[in-house]
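A short worksheet on the structure shown next.
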2 protein chains.
Amino acid sequence: MSNFAGTLLGNDPVERFLHRLSLFEPLDAEARDAVRRSINRGPLIPPLQELQPDALQDVSVLLSGWICHFRLLGNGRRQITTLVVPGDFVDFGFLVGTVSSLQCVTTAHSQIGRIRTRAFGKLALQFPALLRASQRAAAVDAAIGRERIISLGVRTAAERLASILCELWFRLSAIGLTSAEGSYDLPMTQAELGAAVGLSTVHVNRTLQSLRRTGAISLQSGKVWIRDLEKLTALAGFDPAYLSLQA
Amino acid sequence: MSNFAGTLLGNDPVERFLHRLSLFEPLDAEARDAVRRSINRGPLIPPLQELQPDALQDVSVLLSGWICHFRLLGNGRRQITTLVVPGDFVDFGFLVGTVSSLQCVTTAHSQIGRIRTRAFGKLALQFPALLRASQRAAAVDAAIGRERIISLGVRTAAERLASILCELWFRLSAIGLTSAEGSYDLPMTQAELGAAVGLSTVHVNRTLQSLRRTGAISLQSGKVWIRDLEKLTALAGFDPAYLSLQA
DNA sequence: ACGGCTCATTAACCCAAGTTAGGGGCAAGC
DNA sequence: GCTTGCCCCTAACTTGGGTTAATGAGCCGT
């Protein structure tokens, strides 16, 4: 799967985005062209840069890099609520005409593509499939959120980490960002992973060690190798259906 | 606020639903009438009845009662992902044309109202405000989900329970289901509460005791009394903004 | 009135995960 | 070449919350 998407996509991030959208709802050549013309490629943003809310006025798409939505609590604790990978909308506020109040940070060099809200509105009228695809994307985002709730609520540390690694494997595969050898780049520190799965940095480390020892994965300098996907999904109790990548 | 909504609403559940929708987006008299005519009141469903997915083919609204979405894991652990209160859509699959795969149970005698998907589609075209209101409802549902992620990820047991009690206070106030004396019905056992906030039954009990001792709340036979809302929101670090009930 | 149920409650004990406190590798800047 | 600063990693200790188990209150249905 990753090979297929990888070779097919080349490495133009806008094409990746179109490919991702098409998985939600097929888009004809005309609609794709309209998107290509309407999208503005933003500047390269360095890692650990917080995005200002007004930067999300438009319809924003992550073209490359990595973004996390998070919330900082009074006591200094931080929870990452959403991981945005290339090809994803950064925020779905545009669907309901509100700007989200969530905080966003990049964790890697990132590039955002924008379509002016006004322009997107016109596209949505002209190409209903585009609107449907965006709405499906929002629905899948919600499904991912529910899955995170389940992880945080009833899964053990090992299950949570295995889950999120599985989830990312499938999400990144869909956009050709996994290698044929079974690896992908994960530009998050263990502390950030912990903030996403609700574990302390130390325990993330402990648990990753034990996942490595089972032979399901290995890690090296920001790269995750899925050594045994079967074992990993079994360990996590993971079922990729909620990502609706089959279409 | 509860008084206002309460007296204004009377107790017709369809009016409650319309009131709730209007908080998302104002609906004119014509749109309201169209909804009144299109909605079919279902039978009364007893507590602890699981809803079959096909029962959610249509646009389903909880008219009265209480519904939980949950997921059962292999090891017998259960996580409740969403609490549906009267006036809420039971599921948002209709917005994207998919039937959700989530399991649902009633925890109280409940009545569901349905609008045939086809009929809703026509209404949506005729009354764009109705569609926008539904989409906003979905967005708020997602925001509630994010808040749950934050609770499960970084809040202590006391904060989680305080949070959810605050959330319900505000949600129920908006539909006139809180009393002027500061109470509301919470038709969930402590075990179910635990499944919602990711705590064991025993620890829910312990923590509720301590919340009672602070004087912020009291509990009695399925009724929650908010004795000191200020204290409770402070304890939870709760900010009702995400529910967007101000409009 | 009597079992039998579910639910709230409490106590005693246990463990998964948090906390604190390092050590070591590596890259960036001086 | 040296410092500074992350980040990964590990060990030792602590703790919030889970587990087990038992009691009692209320609510049926007979």
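Values in this document were obtained by computation on a predicted structure and should not be read as measured data. Chain naming here is simple, since letters A, B, ... match the order of the sequence lines and numbering starts at 1 in each. In what follows, every heavy atom counts, from backbone to side chain, and hydrogens, waters and symmetry copies are set aside.
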Show the atom names and distances, to 0.1 Å, of all donor-acceptor pairs under 3.5 Å that link a side chain in residues 143-150 of chain A to residues at least two apart or in another chain.
from	atom 1	to	atom 2	distance (Å)
E147(A)	OE1	R71(B)	NH1	3.1
E147(A)	OE2	R155(A)	NH2	2.9
E147(A)	OE2	R71(B)	NH2	3.1
R148(A)	NH1	E167(A)	OE1	3.1
R148(A)	NH2	E167(A)	OE2	3.4

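Side-chain contact between V59(B) and I39(B): absent, with no pair of heavy atoms (C-beta onward) separated by less than 4.5 Å. Contact of the V85(A) side chain with the W66(A) side chain is registered, since non-hydrogen atoms from C-beta on lie closer than 4.5 Å. Residues N40(B) and D58(B) have side chains not in contact (no heavy-atom distance under 4.5 Å, counting atoms from C-beta outward).
For the contact set between residues 187-194 of chain B and DNA chain C, defined by any heavy atom under 4.0 Å, the members are T189(B), Q190(B). Annotation: proximity of residues 205-216 of chain B to DNA chain C (heavy atom, distance under 4.0 Å) is found for N205(B), R206(B), Q209(B), R212(B), numbered in ascending order.
When heavy atoms are screened at a 4.0 angstrom cut-off, G198(B) is found touching the sugar-phosphate backbone but no base atom. In this structure, T156(A) reaches the sugar-phosphate backbone alone: every heavy-atom distance under 4.0 Å involves primed, P, OP1 or OP2 atoms, never a base.
Taking both residues in full, the closest heavy atoms of F17(A) and G87(A) are given as CD1-O, 3.5 Å, listed atom of the first, atom of the second, then distance. When all heavy atoms are compared, the tightest approach of E159(A) to L235(A) is CG-O, 3.4 Å. Here the closest non-hydrogen pair linking R78(B) and A195(B) is O-CB, 3.8 Å. Across every non-hydrogen atom of T106(A) and P46(A), the tightest pair is OG1-O, 2.8 Å.
Taking atom NE2 on H203(B) and atom P on dA8(C), their separation rounds to 16 Å, with Å as the unit. The distance from atom CZ of R77(A) to atom P of dG18(C) is 8 Å, rounded to the nearest whole Å.
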V90(A) and H69(A): CA distance, side-chain angles, deciding distance, side-chain contact (heavy atoms from CB on, under 4.5 Å) verdict: CA-CA 9 Å; V90(A) 178; H69(A) 290 209; 4.1 Å; yes
Check against side-chain hydrogen bond (donor to acceptor under 3.5 Å, both in side chains), R16(B) and H19(B): CA-CA 5 Å; R16(B) 262 209 302 259; H19(B) 172 72; over 6 Å; no
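In this structure, Y184(B) and W169(B) have tilted ring planes: the angle between them lies in the 30° to 60° band.
Here the range on DNA chain D touched by chain A, meaning any atom under 4.0 Å from one of its heavy atoms, is dC7(D) to dA12(D).
In terms of position along DNA chain C, the nucleotide closest to L48(B) lies nearer the 5' end than the nucleotide closest to the other residue of the pair L48(B) and A157(A).
Residue pairs meeting the salt bridge (Lys or Arg N to Asp or Glu O under 4.0 Å) criterion with at least one partner in residues 217-231 of chain A, sequence neighbours excluded, are D185(A)-K223(A).
Comparing the start and finish of the helix from dA1(C)-dT30(D) to dC30(C)-dG1(D), five pairs each, the helix axis swings through 40°, to the nearest 10 degrees.
Between E181(A) and S183(A), the side chains place no donor N or O within less than 3.5 Å of an acceptor N or O (distance only, hydrogens not considered).
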